[in-house]
There are 2 protein chains.
Amino acid sequence: MDGGDTKPTKRKPARSASRGVTMEAVGRMAGVSQVTVSRALSDPSKVSAATLRKINEAIAATGFVPNAIAGALASSRSKLITALVPSITNIVYAAMIRAFSQRMREAGYQILLSETGFDPAEEERTIATHLSRRPDAILLTGIHHSPQARRMLLASGIPVVEVWDFTDSPIDICIGFRHVETGRAAAEFAVERGDTAAATISAGDERARRRKAAFSEHFTRLTGTPVAEIDFDEMATVARGRKGMARLIDDHGFTSGIVFCSSDVLAHGAIIEATKRGFAIPGDIAVIGFGDQEFAGDVEPPITTIKVDLEAFGRTAADALLRRFEGSSTPDTAIDLGFEIIRRQSA
Amino acid sequence: MDGGDTKPTKRKPARSASRGVTMEAVGRMAGVSQVTVSRALSDPSKVSAATLRKINEAIAATGFVPNAIAGALASSRSKLITALVPSITNIVYAAMIRAFSQRMREAGYQILLSETGFDPAEEERTIATHLSRRPDAILLTGIHHSPQARRMLLASGIPVVEVWDFTDSPIDICIGFRHVETGRAAAEFAVERGDTAAATISAGDERARRRKAAFSEHFTRLTGTPVAEIDFDEMATVARGRKGMARLIDDHGFTSGIVFCSSDVLAHGAIIEATKRGFAIPGDIAVIGFGDQEFAGDVEPPITTIKVDLEAFGRTAADALLRRFEGSSTPDTAIDLGFEIIRRQSA
DNA sequence: CTGTTAGCGCGTTCAT
DNA sequence: ATGAACGCGCTAACAG
């Protein structure tokens, strides 16, 4: 075929279904080659002013949008970060991811987000599909992952950030706080207040349970008094906070003392229920929440809570990654951002 | 070089920095070609049981994870959907996206999510970068987009889903409800209740303002009474709900009537403030919210609100897309999912 | 059932 | 300052 050709020609298949404008097409229109278009986009200073102008005109005329897929394949940098969170409707994770996304976006990265719903097996599967996108980094919530997941992560060779929990031996980078410490601190806070009875209401998260367990253990150690515990497997809601408090009162005869809730939402519900039943907050029953959510200081009574700086987690994680991308030789492996008890009126 | 070769050999560059295992490598280990590996993964029935086994062994041994970037480039199907929402920390959008994601994930798609923060210019920029990822579809919040954005979207030729608002002439597919109608319905509800005075508190969203405007206009038309309006540019919070109610009482002398809030969060704050000042809800002041959020039925008094089925938006959007991917010839262009007034005790 | 060949659209050399 | 050639890792025909 092509018998008369002097040099082998590449067959250009008839482009019926337009798949989108290519750099090649832009170049043709501007009278330059594809590479020049590429350069004009990645580093305009490498192209003469005249051709740059023509290229920009061609881009405008064609509505060209670069194909990041092809770019990623060629350069093996995807400008993509993937992130796994237990739940995107949980404000705690959403706020963290928002701060992270904003910072990363400013640096030219985009975020592929998935929910794992607290299930390690689901997390493992999701990690695999995320890795197939060849992200430039991956962000995980928590520090507990299946062995297979760890293996895949390590094998991928990409930076891994674990947030929202803390360990001295992270896979790679870790930004978080010690959940157990929050429980201990709350127990100490209760004892200092003079509480001699305590209960807990927790929901949803494995980390919430760890906080609760630490609270109970420490409170019992300090006072010798056992702690009544109400647990919900499902996510925290105001309704469950109410139900938890109702059970504490009805089933455990809890009518005086402090209630440690694993989230402000639960605390809010608990306060509503106790108030409705005529208990004084914090006079009869004191309540301490977790998260310092938007509403915590504005309901009645304002909720005493444990605050963690969600935005800081996101920002710090992004900054650590960005530094790593720039080839920092001394990676910040583990950062404990701590927490703070915000004393308001509910306890 | 390679002087003695009988046929041209492809130069295999020395792979020092392992970029990840390839199908080629897996195939070598299994004693088959790269394509066979590809087939084993995409359609195992096209491969003999024996080779399938060997390939799976090789995959397990190497920890191979397919490169979706390369796959997308070759097939021009990315299995990626990108989505734009005003805010990911707003439960309304988060819940919608969650439902959408889950459905799409079951079908093998992943979601690239970005926040646009109610800014059309930002949306336009974000659409461009999203389009560069060559998604199989794009989901937008709302129906108002810049002309340039519309052009890019149309030019891309990919399915576009607009959610959370309704128009008869969508870019492509539209799933939502008529915000103006909710305001009208609330006004009618108020008049039927016998309210002769009304006020509004709104925040954040352009659509919230449209709901509010429709409420005010309709209420005034029905009763002849003007409506006091409090607006916040920032997002809805309990604090702003309280402040809004405070201003209504202090600045507008509003001590009796109904308050239409653009979100349950605002309504919650408004109720707290009014209650604290000794007003009876709904006896003195009635409050109606929007969203039927998790807590709406569990605070005191339970909040009367306008409910829209967020999960249904997400699911329906996903289903419409999936049907479109399967080549449905009769696309469902515009679906109005409506809304519902949930009467509880606050109004 | 399996292999060969030819791109997908771009970044990356290496020339000029 | 610009271009030619090549390959990133995979899917899509087309052979056999």
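Residue numbering restarts at 1 for every chain, and letters A, B, ... go by the order of the sequence lines. It should be emphasised that the depicted structure is a prediction, and the values quoted were computed from it without experimental measurement.
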Practice task
Determine: side-chain N/O of B:S75 to OP1/OP2 of D:dT11, distance under 4.0 Å, yes or no.
Solution key: no
Practice task
Scan side-chain atoms only and decide if A:H145 and A:E162 contain a donor-acceptor pair under the 3.5 Å cut-off.
Solution key: yes
Exercise for the section: Return the value, rounded to whole Å, for the distance between atom NZ of A:K46 and atom C1' of C:dT13. Expected result: 11 Å
Problem - Touch class at under 4.0 angstrom, heavy-atom based, for B:S45 against every strand present - result: sugar-phosphate
Problem - Residue B:V35, side-chain heavy atoms: nucleotide from D:dC10, C:dT5, C:dG11 that is nearest - result: C:dT5
Exercise for the section: Output the single nucleotide from D:dC10, D:dT2, C:dT2 whose closest atom is nearest the side chain of B:V47. Expected result: C:dT2
Handout entry: Nucleotide D:dC10, atom P - distance to CD1 of B:I59 in whole Å
Key = 10 Å
Practice task
Ignoring backbone atoms, test whether A:S38 places a side-chain nitrogen or oxygen under 4.0 Å from the OP1 or OP2 oxygen of C:dG11.
Solution key: yes
Handout entry: B:I55 CD1 - C:dC1 C1' separation (whole Å)
Key = 11 Å
Practice task
Mind checking the CG-CZ spacing from B:D119 to B:R125? Nearest 0.5 Å is all I need.
Solution key: 6.5 Å
Practice task
Could you please name the option among D:dT2, C:dC10, C:dG7 that lies closest to any side-chain atom of A:R39?
Solution key: D:dT2
Practice task
For the side chain of B:S48, starting at C-beta, report the closest nucleotide among C:dC1, C:dC10, D:dC10.
Solution key: C:dC1
Exercise for the section: Using only heavy-atom distances, determine whether the side chains of A:S146 and A:E124 contain a donor-acceptor pair under 3.5 Å. Expected result: yes
Fill in the blank from the handout: To the nearest angstrom, the CD-P distance between A:E24 and D:dG3 comes to 12 Å
Exercise for the section: In whole angstrom, give the distance that lies between atom CZ of A:R28 and atom C1' of C:dC10. Expected result: 15 Å
Handout entry: Of B:A74 and B:V32, the one whose closest DNA chain C nucleotide lies more 5'
Key = B:V32
Handout entry: Residue B:M23, side-chain atoms from C-beta onward, closest of C:dC10, D:dG9, D:dT11
Key = D:dT11
Problem - Centroid-centroid under 6.0 Å between B:F313 and B:Y93 rings - result: no
Practice task
Just compare D:dA12, D:dG9, C:dC10 and give me whichever is closest to any side-chain atom of B:R77.
Solution key: D:dA12
Practice task
Give a yes-or-no answer on whether the side chains of B:T129 and B:S132 include a donor-acceptor pair shorter than 3.5 Å.
Solution key: no
Fill in the blank from the handout: Rounded to whole Å, the CG-P distance (B:D136 to C:dC8) equals 18 Å
Problem - B:T36 side-chain N/O to C:dG3 phosphate OP1/OP2 under 4.0 Å - result: yes
Practice task
For the pair A:R105 (side chain) and B:E115 (backbone), establish whether a donor and an acceptor sit closer than 3.5 Å, ignoring hydrogens and angles.
Solution key: yes
Handout entry: side-chain N/O B:T51 vs C:dC1 OP1/OP2, d < 4.0 Å
Key = no
Completion exercise
Here the distance between atom P of C:dC10 and atom CG of A:L41, to the nearest Å, is 9 Å
Handout entry: Separation of D:dG9 C1' from A:I69 CD1 (nearest whole Å)
Key = 13 Å
Handout entry: Minimum-distance nucleotide (side-chain atoms of A:L73 versus C:dG9, C:dT12, D:dC10)
Key = C:dG9
